[in-house]
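As the structure is a computational prediction, the values presented were derived from the model and not from experiment.
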Amino acid sequence: MILPLVAALVVSQPIDPQQPGAAVSSPDAAGPVISEPAPAPPPAAPEPEEADRRKQTVITATRSERKLEDVVVATEVITRKQIEAVGARDLGQLLQQHPGVELVQTFRGTGMRLQGLDPEYVLILVDGERVSGRVGTTLDLGRFSLRDVERVEIVKGPAAALYGADAIGGVVNLISRHVQRPLELGVRGSFGTLLEGDVRANAGTKQGPFEVRVGGGYRTRNPYDWVPADAATSGSGIRRIDGDVALAYAPDDRSRLWLRSQYTFRDENAVDLNPSGAVLDRRQRQEQFDVSLGGGKRLASDTSLLIRGHFGLFRDQLLQDQRGSRALDDYTQNVNRLYEGVVQADHRLGDHALTGGVEVLGERLTSARLEESPVARIRGGVFLQDEWDVALSSEDSGPKLKVAPGFRFDLDSQFGGAPSPRLALKLDPDPAVTVRASVGLGFRPPSFQELYLRFTNQGIGYIVSGNRSLTAERSAAVNAGVDWRPPIDGWVLSASAFHTRLNNLINITAGGTPDPDNPVTFSYENVARAYTQGFEVNGRFKLPIRATYLDLAYMLLDAKDQTRNRPLEARSRHRVNAQLSTRYRPWNLEATVRGSWVSKRPYYLGTDGGGMVNVIGLGEEREVWAPAYFDLEAHVTYRVRGGFDVFINAYNLLNVGDQQFNPRPPRGVLGGVQWEY
């Protein structure tokens, strides 16, 4: 079943830049047997009690299975039930209002910030594996369908000691669902505003030691526009097709082999307006193919071994067709290949739980916009972490301490060696109180674009050139937090603080007046220093109304560009999140309402009003503050007998957004049905 997916990617036709009308308008152990996510537990109640939540199994913080209550580094979990409760169709929509997360909207996709750090500092994984295909510095969250996701794990703060480069701001790990019964079937369909349609289906079977799971989905949506007076659209229309297959063989509870493969096809169409007034029809096509093979075995009661390999292929095509002229027509194709291999061992030695391994990562990019093509790099990393249970008391109810020193050393074919140490600790002075703290270093090597880009904009008159002399960016970070579970059923309070300092930041330098007859050349340089710091306060409250919960969160962020002595662009200083979820059994109704208030954000625009000119700093900059806004959405589900659900989802109820600073979809409604067996 894998061969058809490979063939689909190989034979899919590229966008023809010469084809008329190509730009279309759209209608507590040392570790598990393996470090692949274990089969998910049976579906939980819509809102499990806190004690049940803390018993969830997570993997991202340690690369090995641990109970949520035992992890040394704080981990946030979004369960399958919570994903369905908010009606999210992709990862970006799911995280739109998640506490401590800011989304970054660009015409090449939606990225995310953690603790004020841009998308290039956040590592996104699927079942512990890296994802190929960053466009610029952004890995588009819209590419990640939630159809086959069991849970999403979020670790904020430095994680380079286990995951290496790009994990300065944190890690987001999507964990896939597993088959648990002889037959599993599911279908979900929805339709609504902007002619948005979404259909998903999956089937699975577990027969003795064998597991098979297949699934597929189709999604479409029209473009949308906040300023109908001009020709440009604010958001792209999309058409997405995806499919996957997963096979597993587990002859006993000590061994497991698996093979997974997936293919995604995504078309986007939009209209852009050049600063000179030219109208460009834009069409972008992205294809992604991944295949993963691995196995794990518990060698003894206290030792387990994992071996895993992964190949990813990502092809991105962009066609820009100027209306009424060919002067600004442009077609580019990028092909990114990713190779990843991991050998990991987990061993329990008395009060120590050791996790160590070797990881090899290779990347190869082919693009006409590079000074030389193809370009490639290879990176090898060795990592080791020790979770030490320090005995503070012989009583079970006494204070408990875990100390987890970790170290990773990466050797990059372009940038040499990079050490990434981290020290984390977890203290439970009382059964109702947990204190966590960590300090660590991280790094981010320059991207291929920053090293080799050669881009000429003839319409405006500038050239952006890469710089092969760049060095890796470095970071030092500290995080601390406390959780308190008061003697009130269903209540949890937590507070955390963070500080991250960045050095050798890569910025585009030089400037001047654009002139098509004498283009200005800009380049990347290691010239900037910055920091992000702040704190988060979160609370979960079980209300007197039966099966009703209220979640509240507040985040204060201070993010500063120390080189320019000004706030970092597009960060909101204040963010408030609230979510109310309830279930009324007599009527078989479940409802979730969530909202977020985001304070004003600074932007630094060129005298022409922004766009690419703003990105590269042409002209004299001016500071503009985007207004604060309040985002509100609701999701209601009616549970029918026989596994059928009927739901309605209303998003952006206050219709906030604009063309330049917040180009998100306007107010909309979707309705649909779901059936699971």
Side-chain angles (χ1 to χ4, degrees), residues 28-41 44 48 50-79 123 125 127-128 150-159 161-163 167 170-176 178 253-254 256 296 298 301-306 308 342 344-357 383-391 396 400-408 422-428 431 433-438 440 479 481 483 485 492 494 496:
D28 221 49
V33 176
I34 57 171
S35 289
E36 187 211 29
E50 178 59 24
D52 296 329
R53 287 176 174 271
R54 298 178 65 223
K55 297 296 182 182
Q56 294 179 97
T57 298
V58 295
I59 191 171
T60 308
T62 59
R63 297 188 69 135
S64 299
E65 288 183 5
R66 299 287 187 272
K67 297 297 182 183
L68 185 59
E69 63 182 352
D70 293 329
V71 293
V72 180
V73 177
T75 303
E76 300 173 17
V77 180
I78 306 174
T79 66
L123 182 62
L125 308 172
D127 293 323
E150 177 59 35
R151 66 183 185 271
V152 177
E153 299 179 6
I154 303 173
V155 175
K156 300 174 182 176
L162 287 177
Y163 293 100
V171 178
V172 177
N173 194 3
L174 283 69
I175 308 299
S176 300
H178 283 238
D253 60 0
R254 302 171 61 89
R256 184 179 178 88
R298 187 176 293 279
S301 60
D302 54 5
T303 305
S304 60
L305 179 66
L306 163 75
R308 181 177 65 200
V342 176
Q344 178 179 321
D346 298 278
H347 179 69
R348 186 82 188 187
L349 182 63
D351 294 329
H352 299 264
L354 302 173
T355 298
F383 59 90
L384 177 65
Q385 177 172 278
D386 174 24
E387 290 182 77
W388 176 25
D389 290 308
V390 181
D396 292 339
K400 300 177 182 178
L401 175 65
K402 281 179 177 282
V403 180
F407 182 82
R408 177 172 175 133
R422 182 180 69 180
L423 177 64
L425 63 86
K426 171 179 173 287
L427 174 65
D428 295 277
V433 178
T434 300
V435 179
R436 293 181 173 92
S438 65
N479 282 252
D483 299 328
R485 296 168 291 279
V492 182
S494 64
S496 61

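The minimum heavy-atom distance linking Y163 with I59 is given by the pair OH-O, 4.3 Å. Contact detail for G128 and R308: the closest heavy-atom pair is O-NH2, 3.4 Å. Of all heavy-atom pairs spanning L162 and A61, the tightest one is CD1-O, 3.3 Å. Contact between T60 and E153 at its shortest, heavy atoms only, is OG1-OE1, 2.6 Å. Across all non-hydrogen atoms, the minimal contact from R408 to F383 is NH1-CD2, 3.8 Å. Closest of all the heavy-atom pairs between G440 and P158 is N-CG, 4.1 Å.
Expressed to the nearest 0.5 Å, how far OG1 of T75 lies from NZ of K67 amounts to 14.0 Å. Annotation: the span from D302 atom CG to H347 atom NE2 amounts to 5.0 Å, rounded to 0.5 Å. In this structure, CZ in R66 is found 7.0 Å from NZ in K402, a value given to the nearest 0.5 Å. Interatomic distance, T79 OG1 to E150 CD, rounded to the nearest 0.5 Å: 8.0 Å. Atom CZ of R298 sits about 8.5 Å away from atom CG of D346, to the nearest 0.5 Å. Note that the CD atom of E76 and the CG atom of L68 stand 10.0 Å from one another [nearest 0.5 Å].
Here the side chain of N479 pairs no donor or acceptor atom with the backbone of S438 at under 3.5 angstrom.
You'll find the side chain of I154 reaches within 4.5 Å of the side chain of I78, heavy atoms only. Residues L423 and V403 meet the side-chain proximity criterion, which asks for heavy atoms closer than 4.5 Å. The shortest side-chain heavy-atom distance between D127 and I175 falls under the 4.5 Å cut-off. Put simply, the side chain of T62 does not reach to within 4.5 Å of the side chain of T355, judged on heavy atoms. Contact annotation: the side chain of R151 never approaches that of Q56 to less than 4.5 Å [non-hydrogen atoms, C-beta and beyond]. R63 places a side-chain heavy atom less than 4.5 Å from the side chain of V342.
Using modelled atom types, one finds no donor on one side chain facing an acceptor on the other under 3.5 Å when comparing R348 with S301.
Taking a cutoff of 4.0 Å between a charged side-chain nitrogen and a carboxylate oxygen, R436 and D483 qualify as a salt bridge.
A search for salt bridge (charged side-chain N to carboxylate O under 4.0 Å, His left out) contacts involving K426 returns D428, not counting sequence neighbours. Annotation: salt bridge (charged side-chain N to carboxylate O under 4.0 Å, His left out) contacts of R422 (sequence neighbours excluded): none.
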